[in-house]
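Atoms considered below: every heavy atom in the structure, side chains included; atoms not considered: hydrogens, waters and symmetry mates.
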Amino acid sequence: PIGHSTLEGYSSLLTVALHAWQGERSPHWQRAIRTCLRILGRYRKSFPVGEPRYYLHLGEYERASGALSTARRNFRRGEAAALRLGMPWDARRCAEGLSGLSTNPDRP
């Protein structure tokens, strides 16, 4: 990774792929999601500011896959990392993902 644009770029690509996958459940989109997650996972190892976003997107993917307890755990990890790093916007997004699970437990 060469800069912050890598985080934003792959985060955006992952969001697009996740929405497309939720619409048609194509293996193509699922591969795209996993590729973006893998890249964000590597990014966070070099740049700690990538950790909250990685866990946010991992939680979103797991929620869409039906793995609600795993999604809940990763939203919490992302929120904790964001708070530790002083990233309130990312902390809020993780908290919103978590509250979406709490108020709507049957939502995939």
(message) Taking the side chain as everything from C-beta on, heavy atoms only, tell me whether Ser11 gets closer than 4.5 Å to Tyr54.
(response) no
(request) Using a strict 4.0 Å threshold on nitrogen-to-oxygen distance, state whether Arg53 and Glu8 make a salt bridge. (result) yes
(message) Restricting to non-hydrogen atoms, name the atom on Ala91 and the atom on Ala82 that form the minimum distance, rounded to 0.1 Å.
(response) N-CB, 3.4 Å
(message) With clusters defined by side-chain heavy atoms of hydrophobic residues (ILVMFWY) lying less than 4.5 Å apart, directly or transitively, does Leu40 cluster with Val16?
(response) no
(message) Could you check whether any side-chain heavy atom of His57 comes within less than 4.5 Å of a side-chain heavy atom of Arg93, counting everything from C-beta outward?
(response) yes
(request) Please report the closest heavy-atom contact between Gly97 and Arg63, naming both atoms and the distance. (result) O-NH1, 3.7 Å
(request) State, yes or no, whether a side-chain contact exists between Trp21 and His28 at a heavy-atom distance under 4.5 Å. (result) no
(request) Return the minimal non-hydrogen interatomic distance between Pro48 and Ser46, and the atom names on each side. (result) CD-O, 3.8 Å
(request) Looking only at non-hydrogen atoms, find the nearest pair between Leu7 and Gly50 and report the distance. (result) CD1-CA, 4.0 Å
(request) Say whether Leu83 and Leu58 are linked into one hydrophobic cluster, either directly or through other cluster members, by side-chain heavy-atom distances under 4.5 angstrom. (result) no
(message) To the nearest 0.5 Å, what is the distance between OH on Tyr55 and CZ on Arg76?
(response) 14.5 Å
(request) Give the minimum heavy-atom separation between Ala71 and Gly59, together with the two atoms involved. (result) CB-O, 3.3 Å
(request) Side-chain contact test, heavy atoms from C-beta onward, threshold under 4.5 Å: evaluate it for Tyr10 versus Leu14 and give yes or no. (result) no
(request) Determine the minimum heavy-atom distance between Phe75 and Glu60, stating which atoms define it. (result) CZ-N, 3.6 Å
(message) Hydrophobic clustering (ILVMFWY, side-chain heavy atoms < 4.5 Å, transitive) - are Leu101 and Leu56 grouped together?
(response) yes
(request) Starting at CD of Glu79, measure out to CG of Leu98 and round the result to the nearest 0.5 Å. (result) 6.5 Å
(request) I would like to know whether Glu51 and Arg84 meet salt bridge (Lys or Arg N to Asp or Glu O under 4.0 Å); could you show each step before the answer? (result) CA-CA 11 Å; Glu51 189 171 352; Arg84 183 178 70 248; 3.3 Å; yes
Extract all donor-acceptor atom pairs below 3.5 Å that involve side chains of residues 29-37 and protein atoms in other chains or at least two apart in sequence.
unit_1 : atom_1 : unit_2 : atom_2 : d
Gln30  : NE2    : Tyr61  : OH     : 2.8
Arg34  : NE     : Tyr61  : OH     : 3.2
Arg34  : NH2    : Tyr61  : OH     : 3.2
Thr35  : OG1    : Arg31  : O      : 2.9

